Amino acid sequence: MGSKELFEEAKRYLVGGVNSPVRAMKPYPFFTARAEGARLWDVDGNCYIDYCLAYGPMILGHAHPEVVAALKQQLEMGTAYGTPTELELEFAKRIVRAVPCAEMVRFVNTGTEATMAAIRLARGATGRKKVLKFEGAFHGAHDCVLVKAGSGATTHGVPTSAGVPEEATMHTLLAGFNDVHGVEEVFRRHGEEVACVIAEPVMGNAGCILPEEGFLKFLREITREYGALLVFDEVITGFRLALGGAQEYYGVTPDIATLGKIAGGGLPIGIIAGREEVMRNLSPEGRVYQAGTFNGNPMSMAAGIATLEVLERTRPYGELERLAERLRQGLQQVCEDAGAEVRACGVASMLQVYFTAQEVRDYRTALQADAELFLRYQREMLARGVFLPPSQYESCFLSTAHSDEEVEQTLEKAEEAVKAALEKA
Ligand SMILES: *Cc1c(COP(=O)(O)O)cnc(C)c1O
């Protein structure tokens with residue numbers, strides 16, 4: 001069966017035909033048959049250069065030989081034990097070595113779980129209830145962070161999803177990203193009650209929005225001043241911007257970091273990493289409960305260790321950034337030449353194109369970009385063999401399997417795609 005037929009049938013058995021909302025492309029998503037390096041092949045026989053990379057994890061490209069070998073080896077030795085393993089110790093040591101804030105770690109199964117536990121940990125460690133998050137930031141799909149834009153920086157959170165009672169978000173405070181004044185205002189009103197500020201140091205779930213000069217450092221200082229903890233949600237940026245994540249890249253060390261995506265080498269994972277004094281509040285040592293059947297799962301550990309091993313050995317970050325910069329500049333140019341108002345944004349190997357004349361510095365300015373035009377552009381790219389995440393509010397990624405050849409091809413296709421997208425306006 002082809003993707004179209006599979007999707008028709010899938011809609012009968014899976015809600016919306018998919019298992020995560022962003023995958024529901026119109027008119028139907030392609031069904032992947034296999035992936036290798038920088039490319040995906042669908043069941044219809046098409047091949048795509050992949051800039052989605054499973055929404056971030058595949059920094060070494062798909063089916064990297066060293067990751068595959070590590071998984072094969074582990075597979076034969078069993079896939080879940082419910083006991084400690086040496087793999088967990090080895091992986092923990094590597095993370096502590098790489099990530100500035102990490103003195104101790106806890107392995108869980110998803111990024112969602114990691115931020116949920118990190119917030120509970122911050123609340124438990126400080127004895128406070130309130131959490132400040134930024135408009136447009138995504139920290140996974142659990143209740144207290146399912147809040148986006150309120151009416152102004154100090155507004156109490158209103159849930160974004162049905163099924164989340166106001167009581168679950170009444171302690172969630174909001175501010176605009178890069179809005180120093182707004183954050184100060186929240187702290188002036190609620191500072192003594194704030195358990196933590198949770199931030200994506202680079203916003204990767206509203207496109208790709210960079211912190212302005214000094215903003216992360218400001219978050220570090222104001223949280224210290226008020227006795228709140230700083231949590232960096234590095235589920236995307238961890239091992240992506242640098243081996244030590246955004247905290248290494250920008251030189252600002254939080255109290256707690258959440259990791260995921262890349263850290264699992266393509267298998268499910270979430271990690272809470274932080275200062276020893278804070279981390280020791282977790283059960284079984286402390287009173288903040290956290291538990292999981294698949295925590296520290298040996299398959300995820302094996303794939304994660306193999307991935308970190310390659311990243312440590314090859315240090316690909318300079319080359320990734322060079323390639324991504326070439327793509328960003330090239331996309332800016334071809335879109336401008338086609339007559340579009342455009343901002344190609346990004347850092348390291350993350351990027352996103354916004355069709356707007358305005359600088360994109362927070363969620364509100366991101367929402368002003370032409371998301372309809374973006375979707376037409378995304379579809380035209382797909383028709384030409386380039387897979388971009390099907391939303392204006394996702395980031396594109398490069399992997400070490402991408403080269404100048406893929407970037408060259410992508411820019412050629414982008415030139416045609418953006419023209420076609422503009423014509424269909
Ligand atoms: C993807 C993501 C999460 C959620 O991770 P899952 O593994 O999908 O649960 C949390 N925070 C950020 C910043 C993410 O990008």
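Bear in mind that the values here come from a model prediction, so they are computed numbers and not experimental data. When a ligand or atom number is given, it counts from 1 through the structure's own listing order. Heads up: numbering here begins at 1 and tracks the sequence.
- Under the 3.5 Å distance criterion, the side-chain polar atoms of E166 are left unmatched by any main-chain donor or acceptor of P159.
- In terms of the side-chain hydrogen bond (donor to acceptor under 3.5 Å, both in side chains) criterion, residue partners of N109 (sequence neighbours excluded) are, by chain and number, E113, N295.
- Taking the six-membered ring for Trp and the full ring otherwise, the centers of F30 and Y48 sit less than 6.0 Å from each other.
- Protein residues having a heavy atom under 4.0 Å from any atom of ligand 1 are T110, G111, T112, F138, H139, G140, E200, N205, D233, V235, I236, K261, listed by chain and number.
- A63 meets the side chain to side chain contact (heavy atoms under 4.5 Å, CB included) test with V68; sequence neighbours excluded.
- Here the rule is side-chain contact (heavy atoms from CB on, under 4.5 Å) with Y226, and of E192, H190, E221, E193 only E192 fits it.
- Judged as a salt bridge (charged side-chain N to carboxylate O under 4.0 Å, His left out), and not counting sequence neighbours, the contacts of E285 are R280.
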